[in-house]
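A short write-up of the structure that comes next.
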Amino acid sequence: MAENASNTLTIRDNRTGKEYEVDVLEGDTIRAMDLRQIKVRDEDFGMMSFDPAYTNTASTSSTVTFIDGGKGILRYRGYPIEQLAERSNFLEVAYLILKGELPTGDELDEFVHHVTYHTYVHENVVHLFDSFRYDAHAMGMMISAVSALSTFYPEAKDVRDPSNRWIQMVRLVAKMPTLAAFAYRHHRGLPKVYPENELSYTANFLNMLFRIGVKEYRPNPVLERALDVLFILHADHEQNCSATTMRVIGSAEADPYCSLAGAMGALYGPLHGGANEAVLRMLHRIGDVKNVPAFIEGVKNREERLMGFGHRVYKAYDPRASIIKRTADEVFEVTGRNPLLDIALELEKIALNEDFFVSRNLYPNVDFYSGLIYQALGFPVEMFPVLFAIPRTVGWLAQWEEMLEDKEQKIARPRQVYVGEDARDFVSVEDRG
Ligand code: SDX
């Protein structure tokens, strides 16, 4: 900053010749409300910022997750994602994201105990899945089941009570794998397998999914660890579309179950968490490495979108994609190589050297390789967004609680610029053209 410079902006309104001084805040921002003083006539509403899709708007301050999109940096509560993926486990990272600090041994044991003993759902919720068609998409079933949980815990509406919030948060972290497994078992026409408390969070999930009959199921430890790492990588990602949805619904003081069902709806979209499913469908459609150049031409001609590529924030390689790519190699050692990997690697190789992608900063994101692992683990593509929603439940809840505790926040209600018809009189149907 220049010597003797003030940390303000001077805005000159050339329509009136007036000048306004506004403070520059943390993160190189100005308070949008400081623009409202800029008027031509005293009776004017005052100036607003216009920002469709909030591409340049900070909706909140936050201490949960830091991303540097230019450098490909991702940290949860200050800890680099690479260190957490290497040295931690999902429930420990969940505690970090929810509480803000890594737990002591006792704190972690208590948290794991609470989560473990909240994995069951009311039997009526189990029967809810029977009402769906066999081919119902797992995300549709999950969104219904999560919002149904709000009817079993009406006290969750008291969102201003921290101890009540914590009980609901533990329930959601604990029950998401159970609901997901029930959705999968319904889809497969298999009987539900209930939680087993002596298993780890991820092993219990795999057991509820894949155990057949009374034969004891114990997942391969490499696969169990790979899924745990994937859960760590998907736990939070600051103000993405679904986290923003969670915050907006939660700002009306809706209960966390209904807020989270809304966030899941946003995640389900193929431009967001539904991209991992869309990537697999894209790779299947390409079918063979020899078809990759033609597909890339289709992308350049805007006939196709390269799913799993690009990101609103990362203008470099998504750090999660690098870790997932390494994890994929470990999984394929056990499950055998997924033939679609060759197509994915060829797509990446071409895209990273084509000006169309390089000039638009399009790199693989978290969804490009994750689906290959999920498929190798035996999941159908309809489960892929569900595998994103389970860990992201932690991030959504952390963002939700931070919003409720933030004294600057209130019910979200953006403005608009009206460009429709001016006032006009009603015309009876007989007189209409
Ligand atoms: C996630 O926000 C998060 O943090 C999300 C997430 C999280 O953890 O929560 O990281 C998870 O959602 C990852 C993203 C998954 N989605 C996809 O992989 C779907 C494919 N990617 C895109 O549709 C797109 O890249 C987005 C949605 C991810 C980002 O879109 P932006 O930031 O709005 O960028 P844009 O659409 O304005 O694209 C800029 C240019 C455009 O070209 P021009 O019109 O300017 O010439 O890049 C092009 C786009 O057409 N482009 C693509 C492309 N992504 C952008 N062209 C081809 N293939 C793509 N994938």
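When a ligand or atom number is given, it counts from 1 through the structure's own listing order.
Counting the atoms of ligand 1 from 1 in the order shown, those under 4.0 Å from a heavy atom of Val299 are 57 (C). Residue Ala275 approaches ligand 1 through these ligand atoms, each under 4.0 Å from one of its heavy atoms: 15 (C), 16 (N), 17 (C), 18 (O). Atoms of ligand 1 lying under 4.0 Å from at least one heavy atom of Leu306, given by number and element, are 57 (C), 58 (N), 59 (C), 60 (N). Per-residue contacts place Leu271 under 4.0 angstrom from the following atoms of ligand 1 (heavy atoms of the residue considered): 12 (O), 14 (C), 15 (C), 16 (N), 17 (C), 23 (O), 27 (C). Proximity to His311 (heavy-atom distance under 4.0 Å) selects the following atoms of ligand 1: 2 (O), 3 (C), 4 (O), 5 (C), 6 (C), 10 (O), 13 (C), 25 (O), 28 (C). Which parts of ligand 1 touch Arg392 is read off a 4.0 Å heavy-atom cut-off, strictly below it: atoms 7 (C), 8 (O), 9 (O). Near Gly308, the atoms of ligand 1 lying under 4.0 angstrom from a non-hydrogen atom of the residue are 17 (C), 18 (O). The contact set between ligand 1 and Asn240, taken as ligand atoms under 4.0 Å from a residue heavy atom, comprises 2 (O), 3 (C), 4 (O), 5 (C), 9 (O).
Evaluated by nearest non-hydrogen atom to atom 23 (O) of ligand 1, the leading choice among Met307, Lys315, Gln239, Arg305 is Arg305.
Counting heavy atoms closer than 4.0 Å to ligand 1, residue Leu362 contributes side-chain atoms (C-beta onward) but none from N, CA, C or O. When non-hydrogen atoms are compared, ligand 1 lies under 4.0 Å from the side chain of Arg360 (C-beta onward) but not from its backbone. At a 4.0 Å heavy-atom cut-off, ligand 1 does not touch Glu238 at all. Contact annotation: for Arg320 versus ligand 1, heavy atoms closer than 4.0 Å belong to the side chain alone.
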